[in-house]
Amino acid sequence: MSVVTTEKHGNVLVIFSDNPPVNALGSVVRQGLCDGIDQALSDDEVEAVVIRCDGRTFFAGADISEFGKPMKGPDLGQAIDRLEASSKPVVAAIHGTALGGGCEVALACHYRVAVPSAKMGLPEVKLGLIPGAAGTQRLPRVVGAEAALPLVVIGNPISAQKAHAIGLVDKLVGEDSLADDAIAFAREQIGKEPPRSSEGTANQDGVKNPAIFDEFRQKNGRKIRGFDAPEAAIQAVKAAGLLSYVEGVAKERELFTKLMTGTQSAAMRHYFFAERAANKIDGIDPNIDLIPIMKVGILGAGTMGGGIAMNFLSAGIPVTIVELKEEALDRGVGVIRKNYENTAKRGRMTQQQVEDAMSILTPSLSYDDLADCDLVIEAVFENMNVKKDVFTKLDGIVKQGAILASNTSYLNIDEIAAVTKRPEYVLGLHFFSPANVMKLLEIVRGEKTADNVLMTAMKLSKKIGKVAAVSGVCPGFIGNRMLSPRQEQANAMIVEGANYWDVDDVLLDFGFPMGPFQMSDLAGVDIGWHRDPDRIESLRDALCATGRWGQKVGKGFYDYDEARQRTPSDEVRKIIAEFAAKAGKEQREISKDEIRERLLYPMVNEGAKILEEGMAQRASDIDVVWINGYGWPLYTGGPMFWADTIGLGEIVAGLVKHGLPVAKLLKEKADEGGTFNG
Ligand code: 3HC
Ligand code: NAI
């Protein structure tokens, strides 16, 4: 039986799709829609049509797994043109997420009804694309160019209420009565000339006020920097006002095809599947019984503890946070409240939500209050003895069957687990700073971590809005381990003669939000410094000795003005030159190409070692870590996918040229002309 079926309800034909999990518009569905509309048009008893989906959602888009393969059956544009051309009214009945091609199907229908919980959007830009089935042309004709711009260019979905307010949805219907309400609504339209979105005129707002396009570019400059698709999306929406519908669709096709065959979209589609693959752990039944997490304990209310707590509070999970001293506890809780208040000030949270979150936070100075937690996350100082001491205590106090996790950045989880009597319940939950903002959660699987403990952490990560990837136990896990060789090269190059701002700029040009020396200034050059100005063993010691501790004191590698704008410093240049002279390093000019190669190729090499040692399950997990935890530009697909696109032979040749080591796996793959990802 086809996944698309029809049901006659008197004079209304319901075309019904049931294509789990998300009703993606694969070839069979597209054919089913065409057949359904043919049936409606050839049956004289049928006077109106409803298109509805079963399962969790209306069509969530084209089937991304078909991209790049030969097209089977009617293309989506052709299929939905047939819906719009129908002489009998066609109504889209929307629940779940009508996204991408799904939103385009809805737009081609003459009317759209939706349940209040539904969402609609055109997220194609997130795959490096623009809508390719006339969405960029129909949407502005229905809601206007100004309202269409954020939907098409940024790609975030909107609620059904918002869609109703801008005219994208005609009627909101009962949450539990969509099927009946849509049929009733369709009946009311019989005998009326169906409105066709390709003939809408709302797009003229962009012609009357063309400044909206530049204003939009300026307002969203940071968000769209480096990405090709958003600019193409702006051009397509603009074209919707200036060109006829048919010419506009041709323009959309031209822009779409260019993006679809480009590297950015390939990289972003790779990332889409990578994020979902990272959730799957080889050899573990995804339906394994999970440990219910109803209450979380956090140890340490410092930079990380507070941020980690916010994730759970925001998800409605009660948190008990424990500190050593009243003062530290008060400060930590104060920071949590201040962060929430700031979010409320920016309108992203109501005051009631702030109070709700704070009301489920219990501050405490006693470990005993953690006894009944289902999960305790330790975020105390980064010192093995301290961690061992803390885990011994926790093991004695926290109920059996509860998970004990460490937020350590580098330390050995197995060594920590070994001090407990429940090593199978111990794992690493490595959050990134600021922990309430950064998307990544590295889940560190200890040698003895039980399967259900690992899967519980994985599922929990989704609940608190994180993107998770699993790492084995090794110093720095996946992310920080790969950061080390990059930092080593950055430090080495500035002593060999590279300008440190050139090193930063190379990474900014590549698409990172900041370079290593900007990062150092932001975090504090003095982190981990021994605080003895007379002991100068590294460049960092030399900077700290002169009070250049970073942005917080207005000077670090750079001088900062009041707007926190950075300027390279002559003083630092001198300190580096003196340091290099003392170290006997000859100075030379280092090109930006060399800087880029020496920063990035060793990271790929370290990634290869991580794979070789089985510390990451798959290359794409490494991409997920670097994109979400360190700002590696999404449009390159992450370090391993990026390496694939430039060629592993090229990476090996670069490493050899710069006298850097080459991992066995990288060499093997390069020799056989292979890639890391598929
Ligand atoms: N094509 C193929 N597979 C898809 C898919 C799609 N459009 N959308 C989701 N899937 C798959 C996922 O890969 C996943 O598979 P898995 O279980 O094997 O890992 C499964 O469906 C479930 O997806 P999620 O885990 O993401 O489920 P959620 O419930 O968390 O989210 C969703 C559901 C909001 C629909 C989310 O999947 C999503 O955002 N999907 C993509 C939507 C999208 O980008 N649509 C536009 C496509 S491009 C397009 O339409 C071009 C057109 O203009 C021509
Ligand atoms: P921090 O110094 O800001 O906070 C640590 C807090 O733990 C302090 O408030 C301290 O009073 C408290 N504490 C110390 N011993 C304690 C004990 N026995 N019981 C209860 N509380 C105790 O440190 P930060 O930055 O929050 O780091 C915590 C952990 O998170 C470290 O392991 C660190 O490596 C890791 N981490 C840090 C990141 C960062 O960017 N700061 C990023 C990711 C991980």
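Order of listing sets the numbers, starting from 1, for every ligand and every atom in it.
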Asker: Quick one: are the ring centres of Phe58 and His95 less than 6.0 Å apart?
Answerer: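 Centroid distance Phe58-His95: not below 6.0 Å, so no.
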Asker: Under a 4.0 angstrom heavy-atom cut-off, which atoms of ligand 2 come close to Thr408?
Answerer: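 Under 4.0 Å from Thr408, ligand 2 has these atoms: 32 (O).
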Asker: Heavy atom of Arg331 under 4.0 Å from ligand 2?
Answerer: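 No, Arg331 has no heavy atom closer than 4.0 Å to ligand 2.
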Asker: Only counting residues at least two apart or in another chain, list the ones meeting salt bridge (charged side-chain N to carboxylate O under 4.0 Å, His left out) with Arg618.
Answerer: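 Arg618 satisfies salt bridge (charged side-chain N to carboxylate O under 4.0 Å, His left out) with Asp282, Asp621 once adjacent residues are dropped.
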Asker: Looking only at distances, please establish whether an N/O atom of ligand 2 is found under 3.5 Å from an N/O atom of Tyr367.
Answerer: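 By distance alone, the answer is yes.
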Asker: Show, in sequence, the C-alpha distance, side-chain angles and deciding distance for Lys388 and Glu415, and conclude whether the salt bridge (charged side-chain N to carboxylate O under 4.0 Å, His left out) test is met.
Answerer: CA-CA 8 Å; Lys388 281 184 175 170; Glu415 215 182 313; 3.1 Å; yes
Asker: Any idea which part of Asp389 is under 4.0 Å from ligand 2, heavy-atom wise: side chain, backbone, both or neither?
Answerer: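 Under 4.0 Å from ligand 2, Asp389 contributes no heavy atoms.
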Asker: Can you say whether the rings of Phe517 and Phe557 are parallel (under 30°), tilted (30 to 60°) or perpendicular (over 60°)?
Answerer: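 Tilted: the ring planes of Phe517 and Phe557 meet at 30° to 60°.
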Asker: Pull out every atom of ligand 2 sitting under 4.0 Å from any heavy atom of Val390, numbered as shown with elements.
Answerer: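 In order of number, 18 (N).
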Asker: Among all the protein's non-hydrogen atoms, which is closest to atom 26 (O) of ligand 2, and how far away is it?
Answerer: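 Looking at atom 26 (O) of ligand 2, the protein heavy atom closest to it is Met304 N, 2.8 Å.
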Asker: Does any donor atom in the side chain of Glu84 or Ser198 lie under 3.5 Å from an acceptor atom in the other side chain?
Answerer: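 Their side chains do contain a donor-acceptor pair, which is all the 3.5 Å distance test asks for.
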Asker: What atoms of ligand 2 come within less than 4.0 Å of a heavy atom belonging to Thr303?
Answerer: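 Reading through ligand 2 atom by atom, the close ones are 3 (O), 25 (O), 26 (O).
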Asker: Does ligand 2 come near enough to Asn407 that some N or O of the ligand is less than 3.5 Å from an N or O of the residue?
Answerer: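 N/O-N/O distance under 3.5 Å: yes.
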Asker: Between Arg531 and Trp549, is NZ or CZ placed under 6.0 angstrom from the six-membered ring centre and within 45° of the ring axis?
Answerer: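 That pair qualifies as a cation-pi contact.
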Asker: Would a search of protein heavy atoms around atom 18 (N) of ligand 2 find one under 4.0 Å away?
Answerer: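 So atom 18 (N) of ligand 2 has protein heavy-atom neighbours under 4.0 Å.
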Asker: Any donor-acceptor pair under 3.5 Å linking the side chain of Glu175 with the backbone of Ser117?
Answerer: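 Side chain of Glu175 to backbone of Ser117: a pair is present.
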Asker: Atom 13 (N) of ligand 2: which of Asn480, Ile527, Leu299, Val380 has the nearest heavy atom?
Answerer: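 Of the listed residues, Val380 has the closest heavy atom.
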Asker: Out of all atoms in ligand 2, which are within 4.0 Å of some heavy atom of His430? Include the element for each.
Answerer: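 Taking each heavy atom of His430 in turn, ligand 2 has 43 (C), 44 (C) under 4.0 Å.
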Asker: Name the one of Leu139, Thr136, Leu122 that satisfies side-chain contact (heavy atoms from CB on, under 4.5 Å) with Glu104?
Answerer: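 Exactly one candidate clears the test, Leu122.
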Asker: Using heavy atoms and a cut-off under 4.0 Å, could you grab the residues that are in contact with ligand 1, chain by chain, numbers ascending?
Answerer: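 These residues qualify: Pro21, Val22, Ala24, Arg56, Ala60, Gly61, Ala62, Asp63, Ile64, Phe67, Thr97, Leu99, Gly100, Gly101, Glu104, Pro123, Glu124, Leu127, Pro131, Gly132, Phe272, Phe273, Arg276, Lys280, Lys462.
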Asker: Would you call Glu378-Lys387 a salt bridge at under 4.0 Å N-O?
Answerer: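 Salt bridge present between Glu378 and Lys387.
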Asker: Closer than 4.0 Å to some heavy atom of Gly302 - which atoms of ligand 2 meet that?
Answerer: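 Once the distances to Gly302 are compared, the set is 3 (O), 4 (O), 6 (C), 9 (O), 26 (O).
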Asker: May I ask you to identify the nearest protein heavy atom to atom 2 (O) of ligand 2, giving residue, atom name and distance to one decimal place in Å?
Answerer: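 Here the closest protein heavy atom is Phe381 CE2, 3.5 Å.
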Asker: If we set the cut-off at 4.0 Å for heavy atoms, which region of Phe431 has an atom near ligand 2: side chain, backbone, both, or neither?
Answerer: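 It is the backbone that gets close, since no side chain atom is under 4.0 Å.
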Asker: Ring centroids only, cut at 6.0 angstrom: are Phe432 and Tyr630 within range, meaning strictly under it?
Answerer: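 So the answer is yes for these two rings.
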Asker: Does NZ or CZ of Arg269 come closer than 6.0 Å to the centre of the six-membered ring of Phe273, within 45° of the ring's axis?
Answerer: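 Negative - Arg269 is either too far from the ring of Phe273 or too far off its axis.
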Asker: To which protein heavy atom is atom 40 (O) of ligand 2 closest, and what is the distance rounded to 0.1 Å?
Answerer: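 For this ligand atom, the closest protein heavy atom is Ser433 CB, 3.3 Å.
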Asker: Tell me whether Lys295 is salt-bridged to Asp369, with the criterion being a basic N under 4.0 Å from an acidic carboxylate O.
Answerer: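 Here Lys295 does not pair with Asp369 in a salt bridge, since their nearest N and O are not under 4.0 Å apart.
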Asker: Salt-bridge test for Lys552 and Asp526: reply yes if a basic N is under 4.0 Å from a carboxylate O, no otherwise.
Answerer: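 Looking at Lys552 and Asp526, the cut-off is met.
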Asker: Under 4.0 Å from a heavy atom of Lys387: which atoms of ligand 2 are those, numbered in the order shown and with their elements?
Answerer: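 That gives atoms 31 (C), 32 (O) of ligand 2.
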Asker: May I ask you to say whether Lys466 pairs ionically with Glu442, meaning some side-chain N is under 4.0 Å from a carboxylate O?
Answerer: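 So Lys466 does not pair with Glu442 through a salt bridge.
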Asker: Under a 4.0 Å heavy-atom limit, does Lys325 contact ligand 2 with its side chain, its backbone, both, or neither?
Answerer: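 Within the 4.0 Å criterion, Lys325 makes no contact with ligand 2.
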Asker: Ser409 heavy atoms, cut-off 4.0 Å: which ligand 2 atoms fall inside?
Answerer: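 Heavy-atom distances to Ser409 below 4.0 Å select 33 (C), 34 (O), 35 (C), 36 (N), 37 (C), 43 (C), 44 (C).
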Asker: Under a 3.5 Å cutoff, is there a donor and acceptor pairing between the side chains of Asn19 and Ser17?
Answerer: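 Not at all, the side chains of Asn19 and Ser17 share no donor-acceptor pair under 3.5 Å.
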Asker: So is Tyr410 touching ligand 2 or not, going by heavy atoms under 4.0 Å?
Answerer: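 For ligand 2, residue contact (heavy atoms, under 4.0 Å) with Tyr410 is absent.
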Asker: For Ser314 and Tyr340, test the side chains for any donor-to-acceptor distance below 3.5 angstrom and give the result as yes or no.
Answerer: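 Checked: Ser314/Tyr340 side chains pair up, N/O donor to acceptor below 3.5 Å.
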Asker: Give yes or no for whether the N/O distance cutoff of 3.5 Å, strictly under, is met between Glu323 and ligand 2.
Answerer: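 Among all N and O atoms of Glu323, at least one is under 3.5 Å from an N or O of ligand 2.
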Asker: Measure the distance from atom 5 (C) of ligand 2 to every protein heavy atom, then report the residue, atom name and distance (to 0.1 Å) of the closest one.
Answerer: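 Nearest neighbour among protein heavy atoms for atom 5 (C) of ligand 2, to 0.1 Å: Ala379 O, 3.6 Å.
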